[in-house]
Amino acid sequence: MAYRVANDAARGETRREYKWLLGAAATLLAAACAHAAATPSEEAGPPPAHATTPDGAALYQSRCASCHDNATDRTPTREVLSKNPPSFILASMKSGAMVPMAAGLSDAEMIAIARHVSEVDTGPLADVDPKAIWGDGVEGTPLDAPQCATPPRPLDLAAEHQWNGWSVTLDNAHYQPKPGLAAADVPKLKLKWAFQYPGAKNGQATVIGDRLFTTSMSGAVYALDAKTGCVYWRHAAGAATRTSVVAAEMPIGSQARTALFYSDWTKSAVAIDADTGKQLWKTVIDDQPGLQMTGSLVYWEGKIFVPISSGNEAFAQSPDWVCCKFRGALVALDAVTGRILWKRYTTEAEPRPFKINSAGKEMWGPSGGAIWVAPTIDPERRAVYVGTSNSYTDMPYDNADSVLAIDVDSGEIRWARQLTPNDNYIDGCWRTGPDRPANCPDPLGPDFSIGAAVILHALPDGTDILLVGQKSGKVFGISPLDGRIVWERQLSEGSALGGVEFGLAADKERVYAAISDIVLGPKGKPGLWALDPATGAVIWNSPNSPTPKCRWTSFWCHGAMSQAITVIPGIVFAGAYDGHFRAYDAGTGKIVWDVDTGSEPIMTLSGRTAYGGVMDGGGPTVAGGMVYVHSGYAGRSGATGGASMRNADGNVLMAFSVDGK
């Protein structure tokens, strides 16, 4: 539904902020926002005489300052947080990483903290009627881009040009065989349009024909015109979502002709109508403490496969967090109804109390084994492969840091191959003295999770091999028959932020690995590698400078390559922490195209300027002769000044085409 745009600029800014708020915390917070703005609603009546506005500064000091004023590890600094709109900060407390730290706070108190921290001033919220923006449903077009002049055509899943989900194919190679442009065209790529929208760590773009879909950690799914960037509709998700949507045809008699599937941080998998954005079903798939949904869903044979991860590594830094009761899992659902068909935890052992921590509280285990990225389907063997993360406590976790082969029909584990045993890790545990978290395991592991999707690769001799990248800096070739390690290659020393993080891809001849190594200092080897998938032999290496120049001057100005990488015939596309988006010759590793997404202002579809930033998480999507990539990642880099979110870093979806046409 289209919204009515106010003529005066002040009211337009008010509506924009309210739109952010809806995306971040959905409609249940509307009344709380009105209360926080000190404008009583008609329904609630006037506030009681003793009511006072919460003190955001005092609440920040008691709840947030100890971490964000002295930020270490992956914690964003107060300065970085301040460049985000209040809605983003609020979303983090309501349904994101800060849920445990915000436990017990009222909506009004969380809003007060968000207002106190944010430097983005967008005016009052209370005088906005939600229906004036969204109508009486969830669909609408945000002010971040023009509304498309005509309704969308029915989605065509037979379209020649598409990238449906995390990867083009079920093997998760992140390889586009029909990109719509040749390797010789790549040096002529120029920015065609840029879409900036609320959120961070937003989902990798899905493109099907003339339609592009993307998700937002502010709580939204957008349908855009892939060529122009205009917006067809916006679906208000129930909470943050960072997964790539996957589209599938529904059987005759279903509520929709074509459905889109994603997961959000209400611990749910969701199906929506691909043509309208209307919700079809929503299923809470698990309710473990600290559960998060980060890995993209996969569709096959009428089933949706949903990976489950968590934020326990971060949450357990708090002495009040019961560490740790979470186990990673893969869940299979019926795509038409959302009914759970099976659930397979990455360990069968249920967590139980096993010791007392340094604060005198019970610790639980085994815990961990999160699944961070999309599962890989093997149609011939009717298997699904996943890589798992580290353990959280020193209670042994049998399938942490492992590759698992799971039966697609029953959910039974066929085999498991552990790559790093006893890898027990909680953020901040490298500290000594009173600042060391009470929940630290002993001994502390290196945090060598498998962050990249497993690739099922066909070798020239007709056999198959699984290609696995690990934060240890190793790449493995593993037999899909029994999990036997065929070869392994150490590319760097590895660390808690990679080694190989999300960046693994393969074409017919080579497997490509992006190396981060951001925390290793002079020992790090950031850059891109090409290996022989049959033997692991190194074909070439293109190193990045670990000390580049960036618009930001923080620790995150680095040549680390953590973002997922993408291959087309003859070219590898890869983004880096320094904001550079590069194209490499697939045969030699030579850089043939390089654009700095973070240093210069970008004109967006809204008519405002924005900046990119650190490139991480979901990677480039290539389809229909265009290359789409997100620049900016929450908590990393930072704006260099200016109060407007549009002048802050990141959250920009950039679309490149040959000569910008």
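Just so you know, these numbers use all the heavy atoms, side chains as well, and skip hydrogens, waters and symmetry mates.
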Please evaluate residues Phe656 and Leu181 with respect to the criterion side chain to side chain contact (heavy atoms under 4.5 Å, CB included), reporting the C-alpha separation (whole Å), side-chain torsions for both, the decisive distance (0.1 Å), and the verdict. CA-CA 11 Å; Phe656 297 90; Leu181 74 161; over 6 Å; no
Test side chain to side chain donor-acceptor pair (under 3.5 Å) on Asn424 and Tyr397; report intermediate values, then the result. CA-CA 9 Å; Asn424 313 312; Tyr397 196 107; over 6 Å; no
Is there a side chain to side chain donor-acceptor pair (under 3.5 Å) between Tyr392 and Ser310 once you walk through the steps? CA-CA 11 Å; Tyr392 302 143; Ser310 88; 2.8 Å; yes
Could you walk me through whether Tyr512 and Asp507 satisfy the side chain to side chain contact (heavy atoms under 4.5 Å, CB included) test, starting with their C-alpha distance in whole Å, then the side-chain angles of each, then the deciding distance to 0.1 Å, before giving a yes or no? CA-CA 8 Å; Tyr512 307 91; Asp507 57 20; 2.7 Å; yes
Walk me through whether Met654 and Thr597 qualify under side chain to side chain contact (heavy atoms under 4.5 Å, CB included). CA-CA 9 Å; Met654 307 174 73; Thr597 70; 3.7 Å; yes
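The backbone N or O of Asp447 sits less than 3.5 Å from a side-chain atom of Asp423, completing a donor-acceptor pair. Under a 3.5 Å cut-off, the side chain of Asn164 and the backbone N or O of Thr206 do not form any donor-acceptor pair. A side-chain donor-acceptor contact under 3.5 Å links Arg489 to the backbone of Gly536. Trp265 contributes a side-chain N or O that, together with a main-chain N or O of Met293, makes up a donor-acceptor pair within less than 3.5 Å. Between the side chain of Thr215 and the backbone N or O of Val221 there is no donor-acceptor pair closer than 3.5 Å. Proximity of a side-chain donor or acceptor of Thr283 to a complementary backbone N or O of Gly338 within less than 3.5 Å is detected. Under a 3.5 Å cut-off, the side chain of Ser495 and the backbone N or O of Asp517 do not form any donor-acceptor pair. With hydrogens and angles disregarded, a donor-acceptor distance shorter than 3.5 Å links the side chain of Arg257 to the backbone of Leu155. Side-chain atoms of Trp415 never come within 3.5 Å of backbone atoms of Val403 as a donor-acceptor pair (strictly under, hydrogens ignored). With Lys343 contributing its side chain and Ile285 its backbone, the two residues share a donor-acceptor pair below 3.5 Å.
A ring pair (Phe, Tyr, Trp, His ring centres under 6.0 Å) with Tyr222 holds for exactly one of Tyr262, Phe195, Phe213; it is Phe195. Tested against Val572 for a side chain to side chain contact (heavy atoms under 4.5 Å, CB included), the candidates Thr566, Asp585, Leu528 yield a single pass: Leu528.
Summarising the geometry, atom NE2 belonging to His630 is positioned 10.0 Å from atom CD belonging to Gln563; distances are rounded to the nearest 0.5 Å. Between Gln204 atom CD and Thr214 atom OG1 the span is 9.0 Å, to the nearest 0.5 Å. Rounded to the nearest 0.5 Å, atoms OG1 (Thr169) and CD (Gln176) are 9.0 Å apart. Atom OG1 of residue Thr376 and atom CG of residue Leu466 lie 8.0 Å apart, to the nearest 0.5 angstrom. The distance from the CD atom of Glu488 to the CD atom of Gln490 is 8.0 Å, given to the nearest 0.5 Å.
For Lys267 and Asp286, the salt-bridge test fails: no basic side-chain N is under 4.0 Å from an acidic carboxylate O.
For Glu509, there are no salt bridge (charged side-chain N to carboxylate O under 4.0 Å, His left out) partners, not counting sequence neighbours. Residues passing the side-chain contact (heavy atoms from CB on, under 4.5 Å) test with Ala534 are Leu459, Asp532, sequence neighbours excluded.
Side chain to side chain, Ser562 and Asp616 meet the donor-acceptor criterion of an N or O pair below 3.5 Å. Between the side chains of Ser516 and Tyr577, no donor-acceptor pair of N or O atoms lies under 3.5 Å. A donor and an acceptor atom, one from each side chain of Asn399 and Thr388, are nowhere located under 3.5 Å apart. No hydrogens or angles considered: a donor-acceptor pair under 3.5 Å links the side chains of Thr420 and Gln470.
Here ring pair (Phe, Tyr, Trp, His ring centres under 6.0 Å) pairs that include residues 165-186, with residues two or more places apart or in two chains, are Trp163-His174, Trp166-His174.
The heavy-atom pair separating Ala453 from Leu504 by the smallest distance is O-CD2, 4.3 Å.
Residues Leu330 and Trp342 are in side-chain contact: their nearest non-hydrogen atoms beyond the backbone lie under 4.5 Å apart. Contact of the Glu301 side chain with the Arg382 side chain is registered, since non-hydrogen atoms from C-beta on lie closer than 4.5 Å. Looking at Pro548 and Cys557, their side chains come closer than 4.5 Å, going by heavy atoms from C-beta outward.
Using bins of under 30°, 30° to 60° and over 60° for the plane-to-plane angle, the ring pair Phe573/Trp593 lands in the perpendicular bin.
Counting non-hydrogen atoms of neighbouring residues, nucleotides and ligands closer than 6.0 angstrom, the CG atom of Asp596 exceeds 12 such neighbours. Taking a 6.0 Å sphere around NZ of Lys192, one finds it holds more than 12 heavy atoms contributed by other residues, nucleotides or ligands. Atom CD of Glu249 has 12 or fewer neighbouring heavy atoms from other residues, nucleotides or ligands inside a 6.0 Å radius.
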